[in-house]
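A short write-up of the structure that comes next.
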Amino acid sequence: MATIGKDILKASQLLEQGKLVAIPTETVYGLGANALDTTAVAGIFRAKNRPTFDPLIIHTYSIEKAREYVTKFPPELEKLAEAYWPGPLTILLPKKNVVPDLVTSGSNNVAVRVPKHPLALQLLKGLYFPLAAPSANPFGYISPTKPEHVNKQLGNEVDYILDGGACEVGIESTIVGMEDGKVCIYRLGGLSIEQIEKIVGKVNLKINSSGDPTAPGQLKSHYSPIKKLVIGNVDELLKRYDNPGVLNFGDRNYDVYTYDLSRDADLTEAAANLFQGLRSLDESNVEVILTELLPEIGLGIAINDRLTRAAAEK
Ligand code: TXA
Ligand code: MG
């Protein structure tokens, strides 16, 4: 098991030595390493058992700093960065040569983000390199939203876990980029489509499910519990399955083990509780997890994307 603590100096010293440190962000915990050090980055892929065709996001602390790693920052994407950094927004931009190909899986674009968490920002400001950090979970499994989640799954792989408490947003960042002069969304996340369109107008959604590993971030089966997750009318499903548990949104009551995402049907609260809920049910003694899709508005769209991928056949 790794040590969990709030020692930023220790975290930065380990990172300077090329070690892996789990870092808190407002979305989920990241598995961080020096993004400019290929050996350190290779350690991330090894620890997560992640295929190297799945590229990594680099994290830094300001727009000015981000410019050091990219050759171009189109005005539309800059407007988004000004509006939402620090925050749950990742931007795909043409990379400079300092960013190793391993980080981008050979792509000319690098994904950049400024996380909104005081400990992460303080850490990043003190480092002379950006941090490559995917979510700190084994590839394909549920993302961690608490330090204990990281320790349970990757405790033997990381050298330190920086404790920033429970993640406020609870689902990963929204990923945007430009294609043919238009802003595109490649992954739904903690920043809603409405929030993005408020700044840049209508965007293209490119978030299709795919089993194709050449479509990064769009793998069909992802965020998955070990137990079977079934989406549908829960009252109907309860008649069909033995020993079920329910992931519930709203104030309904069931006489089986139930994890409430939000009794008040609040989508922000549900996002923050989503991965903890899947984990709690996965670790309980139920045999199957039943749930319904949430309203397709605001964060509900990103939550439904996660649920659908978590329920996909592996
Ligand atoms: O909220 C988040 O984004 C969290 C925290 C830790 O920052 N990070 C995160 O990283 O979710 P990860 O690696 O679990 O998911 C990042 C996704 C991947 O699916 C990857 O394929 C896509 O971003 N991605 C990264 N770099 C890319 C690139 N250069 N081109 C296309 N997709 C990219
Ligand atoms: Mg991930």
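Please read these numbers as outputs of a predicted model, since none were measured by experiment. Start at 1 and go down the list; that is how both ligands and their atoms are numbered.
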Determine, considering heavy atoms only, which of P55, P88, A133, G32 sits nearest to atom 24 (N) of ligand 1.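 Ranked by closest heavy atom to atom 24 (N) of ligand 1, first place is P55.
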
At less than 2.8 Å, how many protein N/O/S atoms surround the Mg ion (ligand 2)? Leave waters out.
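Of the protein's nitrogen, oxygen and sulfur atoms, 1 lie under 2.8 Å from the Mg ion (ligand 2).
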
Checking the N or O distance criterion of under 3.5 Å, is ligand 1 in contact with [X]?
X    : answer
T104 : no
K48  : no
R50  : yes
R187 : yes
Y29  : no

For K116, is there an ion pair with E168 - N to carboxylate O distance below 4.0 angstrom?
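Not counted as a salt bridge, because no side-chain N and carboxylate O are separated by less than 4.0 Å.
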
Distance filter under 4.0 Å to E172 heavy atoms, resulting ligand 1 atoms: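 Ligand 1 atoms under the 4.0 Å threshold to E172: 1 (O), 2 (C), 11 (O).
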
* To do: Indicate yes or no for a side-chain donor-acceptor contact from K48 to the backbone of N137 under 3.5 Å, with no hydrogens or angles considered.
  =>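 Present.
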
Within the distance-only criterion (no hydrogens, no angle test), does the side chain of N204 pair as donor or acceptor with the backbone N or O of C184 below 3.5 angstrom?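 A pair under 3.5 Å: no.
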
### Query
Side chains of S12 and E16: do they bring a donor and an acceptor to under 3.5 Å?
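Not at all, the side chains of S12 and E16 share no donor-acceptor pair under 3.5 Å.
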
Legend entry - Check: H149/Q276 side-chain N/O donor and acceptor closer than 3.5 Å: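 Side-chain D/A pair, H149 to Q276: present.
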
Report the part of I23 in contact with ligand 1, treating N, CA, C, O as backbone and CB onward as side chain, heavy atoms under 4.0 Å; options are side chain, backbone, both, neither.
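Under 4.0 Å from ligand 1, I23 contributes no heavy atoms.
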
Exercise. Heavy-atom contacts under 4.0 Å between E26 and ligand 1: side chain, backbone, both, or neither?
Worked result: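 It is neither; nothing of E26 touches ligand 1.
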
field: Distance in Å, L290 CG paired with R240 CZ, rounded so as to fall on 0.5 Å steps
entry: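 Answer for the CG-CZ pair, L290 versus R240, is 9.0 Å.
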
Give me the atom names and distance for the closest heavy-atom approach of [X] to [Y].
X   : Y    : result
L92 : L77  : O-CD1, 4.0 Å
E76 : M178 : OE1-CE, 3.8 Å
F45 : D54  : CE2-O, 3.4 Å

Subject >> Contact with ligand 1 for K95, non-hydrogen, under 4.0 angstrom >> reply: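 Checking ligand 1 against K95, which is what was asked, there is no heavy-atom contact under 4.0 Å.
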
Could you list the donor-acceptor pairs under 3.5 angstrom formed by side chains in residues 157-164, with sequence neighbours left out?
from: D159; atom 1: OD2; to: L20; atom 2: N; distance (Å): 3.2
from: Y160; atom 1: OH; to: G5; atom 2: O; distance (Å): 3.4
from: Y160; atom 1: OH; to: K6; atom 2: N; distance (Å): 3.4
from: Y160; atom 1: OH; to: D7; atom 2: N; distance (Å): 3.0
from: D163; atom 1: OD1; to: G165; atom 2: N; distance (Å): 2.9

